[in-house]
Amino acid sequence: MLYSNWSLNHFTAYTRNPQLRRTALFILGLSRGLSFTAHNVFDKSPQSHVTAFVQGNRLNKIPTKFELCTILNSCAKTQNFRLGSQIHAQILDIGFDQNLYINSSLVNMYAKCGAIVDAMKVFNGMEFHDQVSWTSIISGLSQNGQGKEAISLFKKMLRTQIIPNCFTYVSVISSCTKQESVSKCSELLHAHVIKLGHESNKFVISSLIDNYSKCGKMDKVVMLFEACIIKDSILLNSMISAYSHNLLGEEALKLFIKMHKENVSVSEHSLTSILDACGALTVLQQGKQIHALVTKTGSNQNTFIIGALINMYSKCGNIDEASHVFDQTVHKNNILWTSMMSAYAQSGRGLDALKIFDHLVMEKEIDFTPDHVCFTVVLTACNHSGLLEKGVDYFEKMRSYNLAPEIDQYACLIDLYARKGDLESARKVFDEMPFEGNAVMWSCFLSCCKEYGNVELGREAAYKLFELEPCSPVPYLILADICGAAGLWNEVGNIRKMMRENGVRKCVVGWSWVEVDNEVHVFSVGDLSHVRSDDIYLELEKLSLEMMSECSKQYNILISES
DNA sequence: CTAGGGTTAG
């Protein structure tokens, strides 16, 4: 028998399933020597490679290893798992199963089709590895949301003789970005990159910019960006989303205008990021102009863009326009339903958000399966409307959808209890959940302890935060507040002393100012949520995009060292 | 002689 165990596993799996029996027979047919000729494969689209392959099969020609590589590549691009695995069977039959090029293509093909287990099997079955095969599996894991595994394989690679190249670093850096807890990796990997001389590779820079921006290290982001000589559209998009992500919408808009002026092609990625920035700045006028641009470029059915439009309109206080955009969407999917619920929750209409959710899960005809993000939105909606019991119910409901609560949903649960004043139950969740509480969670909890004057729990939360955020004065100040309110003046004195001893400065929130028409407007950088649009952005809203770029020289934004 | 891996968006 020519088949290895591996292909037999596949084959039997197919024959057991009546719907896949035809595929099974096809595999058998291929393995008996059917083949293909690829006509003019080099100037055709992946889909026409696939067609050529299937046609060529009928001509009984045995494909060369080069042709097999090309066709596997096309299967990867078109996510054609069926054909890809059939070709795999043929490869085993012909005996190319230890060819490095073919195996790397196989790993890539399976990974791109989401069959990461099969990709791992191929990878583990390889006798020798090189840079490409390592990178294929690392990027495959990263793209399939298994950042942790990608990083651990990277570490394994470092212990071999094979030195990672710039392709590998791009994948590893983006895995780190997706894994929240490993923000410390940024500098380390950056150092690797410099040492190996990849610091001017545009892919590496884009992924590093993304990584630093997600960790809030904007100084590094700007440094990298400014060192770039050629700024292509992806780099600019990474930069725009970095600015948006770090509440620097102003900078994001400026860059977008510059990009538009210099005729750098505006992609759907750029539009999504810039809509985010408009939402964060609550500049409705600019948001509307981007909406016009979306319509003009025909991107008005792209899920990411629609989601961003809904978000932008709701942040700008225009919930009706948000729901109008949603209504005009032809294919409403999970992401968009969730965006719409989130829009209602953000606009203080939590009950409307819950109404949508209840409707969706009731209606059997609508294709909707709630995921983690969706439950976060539902729980947030409960929180904003003060619905403790309902929130706890929804939390319990997650399990009926086979969803194990993640840290975000636990954070919502803690918030629900704490805001209602049930601090003991909230505290219990910290112990019961399978995660370590992070700074955001403890900060929320601490604020609630202050609200309800609970010294004991407040003290515990503050001490946790001293460890988690050693530079932040906020927990010191809140704890001092709690103790002051309880008349514990000795402890207040001690807290002040601790602050001095630990070198924590009282003022860390930066201040910025914007100058428009000779008037100076001042606002805090850290948190813009309390800034009312009519206070500061009134003047900005009057400006059109074109005018903004003309005026940009006047907007000297400075962050003072307080 | 020909072949394989990478970045940005909820």
Side-chain angles (χ1 to χ4, degrees), chain A residues 38 41-42 63-77 96 99-109 111-112 119 122-123 126 129-143 150 157 162 164-175 177-178 198 201-211 213-214 224 232-245 266-277 279 299 302-312 333-343 371-374 376-377 408:
Chain A
V41 282
F42 295 108
T64 66
K65 34 194 160 182
F66 310 110
E67 287 163 338
L68 286 166
C69 271
T70 311
I71 195 67
L72 280 172
N73 205 358
S74 300
C75 288
K77 279 178 190 144
F96 286 152
N99 178 297
L100 253 180
Y101 290 84
I102 285 184
N103 278 327
S104 301
S105 307
L106 275 171
V107 170
N108 181 43
M109 183 277 294
K112 290 275 155 45
V122 175
F123 180 80
M126 290 168 73
H129 289 291
D130 68 350
Q131 287 181 323
V132 180
S133 67
W134 274 106
T135 307
S136 302
I137 193 67
I138 290 171
S139 76
L141 285 163
S142 166
Q143 284 159 16
M157 181 184 180
I162 297 146
N165 59 16
C166 49
F167 287 75
T168 326
Y169 279 102
V170 170
S171 293
V172 178
I173 293 167
S174 77
S175 310
T177 313
K178 289 172 205 155
H198 303 311
N201 177 293
K202 64 176 182 178
F203 292 94
V204 173
I205 294 172
S206 294
S207 57
L208 270 174
I209 284 183
D210 185 44
N211 186 293
S213 89
K214 297 276 156 66
L224 277 166
D232 73 347
S233 91
I234 287 178
L235 185 75
L236 288 165
N237 287 343
S238 307
M239 205 53 204
I240 289 173
S241 50
Y243 282 136
S244 297
H245 194 88
V266 172
S267 71
E268 294 178 334
H269 278 89
S270 342
L271 292 168
T272 312
S273 305
I274 205 63
L275 282 168
D276 258 6
S299 308
N302 174 302
T303 295
F304 284 106
I305 291 188
I306 298 162
L309 277 170
I310 292 172
N311 183 38
M312 182 276 291
N333 58 23
N334 272 18
I335 292 175
L336 293 178
W337 284 111
T338 309
S339 302
M340 201 55 227
M341 281 186 251
S342 167
D371 61 3
H372 284 100
V373 184
C374 178
T376 308
V377 170
D408 284 347

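Scope of the values below: all heavy atoms of this structure, side chains included, with no hydrogens, waters or symmetry mates. Order of the sequence lines fixes the chain letters, A, B, ..., with proteins taken first and strands second; residue numbering starts at 1 for each chain. Quantities reported herein were computed from a predicted structural model and do not represent experimental measurements.
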### Query
What nucleic acid atoms does A:Leu100 come within less than 4.0 Å of, heavy atoms only: base, sugar-phosphate, or nothing?
base
### Query
Where the side chain of A:Asn165 is defined as all heavy atoms beyond and including C-beta, which of B:dA9, B:dG5, B:dG6 is the nearest nucleotide?
B:dG5
Please list, one pair per line, the donor and acceptor atoms closer than 3.5 Å that link side chains of residues 335-343 of chain A to other protein atoms, with sequence neighbours excluded.
residue: A:Thr338; atom: OG1; partner: A:Asn334; partner atom: O; Å: 2.6
residue: A:Ser339; atom: OG; partner: A:Ile335; partner atom: O; Å: 2.9
residue: A:Ser342; atom: OG; partner: A:Gln346; partner atom: NE2; Å: 3.3

### Task
Respond yes when some side-chain nitrogen or oxygen of A:Lys112 is under 4.0 Å from OP1 or OP2 of B:dG6, and no when none is.
yes
### Protein-nucleotide distance (A:Asn211, atom CG; B:dG6, atom P), rounded to Å
19 Å
### Message
Looking only at the side chain of A:Asp276 (C-beta and beyond, no hydrogens), which of the listed nucleotides B:dG10, B:dT8, B:dG6 gets closest?
### Response
B:dG10
### Task
Classify the nucleic acid contact of A:Ser339 as base, sugar-phosphate or nothing, counting any heavy atom under 4.0 Å across all strands shown.
nothing
### Nearest to side-chain heavy atoms of A:Asn73, which nucleotide of B:dG4, B:dT8, B:dG6
B:dG4
### Query
Donor-acceptor pair, A:Asp210 side chain versus A:Ser213 backbone, under 3.5 Å?
no
### Task
Could you tell me whether the phosphate oxygens of B:dG4, OP1 or OP2, come under 4.0 Å of any side-chain nitrogen or oxygen in A:Asn108?
no
### Task
Could you check whether A:Glu268 gets within reach of a base, just the sugar-phosphate, or nothing at all, counting any heavy atom under 4.0 Å?
nothing
### Task
Decide side-chain contact (heavy atoms from CB on, under 4.5 Å) for A:Asn311 and A:Leu275; before the verdict, give the C-alpha distance in whole Å, the side-chain angles of both, and the deciding distance to 0.1 Å.
CA-CA 8 Å; A:Asn311 183 38; A:Leu275 282 168; over 6 Å; no
### Query
How is A:Ser233 classified with respect to the nucleic acid when contacts are heavy atoms under 4.0 Å: base, sugar-phosphate, or nothing?
nothing
### Query
Which nucleotide, B:dA3, B:dG5, B:dA9, lies nearest any side-chain atom of A:Ser136?
B:dG5
### Query
Between A:Gln143 and B:dG6, does any side-chain N or O lie under 4.0 Å from OP1 or OP2?
yes
### Query
Can you tell which of B:dG5, B:dT8, B:dA9 lies closest to the side chain of A:Asn237?
B:dT8
### Query
Hey, would you say the A:His129 and A:Phe123 ring centroids sit under 6.0 Å apart?
yes
### Query
Is A:Asn311 touching bases, backbone alone, or none of the nucleic acid, heavy atoms closer than 4.0 Å?
nothing
### Message
Nearest to the A:Ser104 side chain among B:dA9, B:dG5, B:dG4, which nucleotide is it?
### Response
B:dG4
## Note on the structure
Quick note, A:Phe66 side chain, CB onward, closest among B:dA3, B:dG4, B:dT7 is B:dA3
### Task
State which of B:dA3, B:dG6, B:dG10 makes the closest approach to the side chain of A:Phe203.
B:dG6
### Task
Among B:dA9, B:dA3, B:dG5, find the nucleotide with the atom closest to the side chain of A:His269.
B:dA9
#### Entry: A:Asp371 side chain, from C-beta outward: closest of B:dG10, B:dG6, B:dG4
B:dG10
### Message
Rounding to an integer number of Å, can you tell me how far A:Ile305 CD1 sits from B:dT8 C1'?
### Response
13 Å
### Query
Could one point to a donor on the side chain of A:Asn201 or the base of B:dG6 with an acceptor on the other under 3.5 Å away?
yes
#### Entry: d(CG, A:Leu236; P, B:dT8) in whole Å
15 Å
### Task
Without swapping roles, check the side chain of A:Thr272 against the backbone of A:Ala308 for a donor-acceptor pair under 3.5 Å.
no
### Query
Quick one: is B:dT7 close enough that its OP1 or OP2 comes under 4.0 Å of any side-chain N or O from A:Lys214?
no
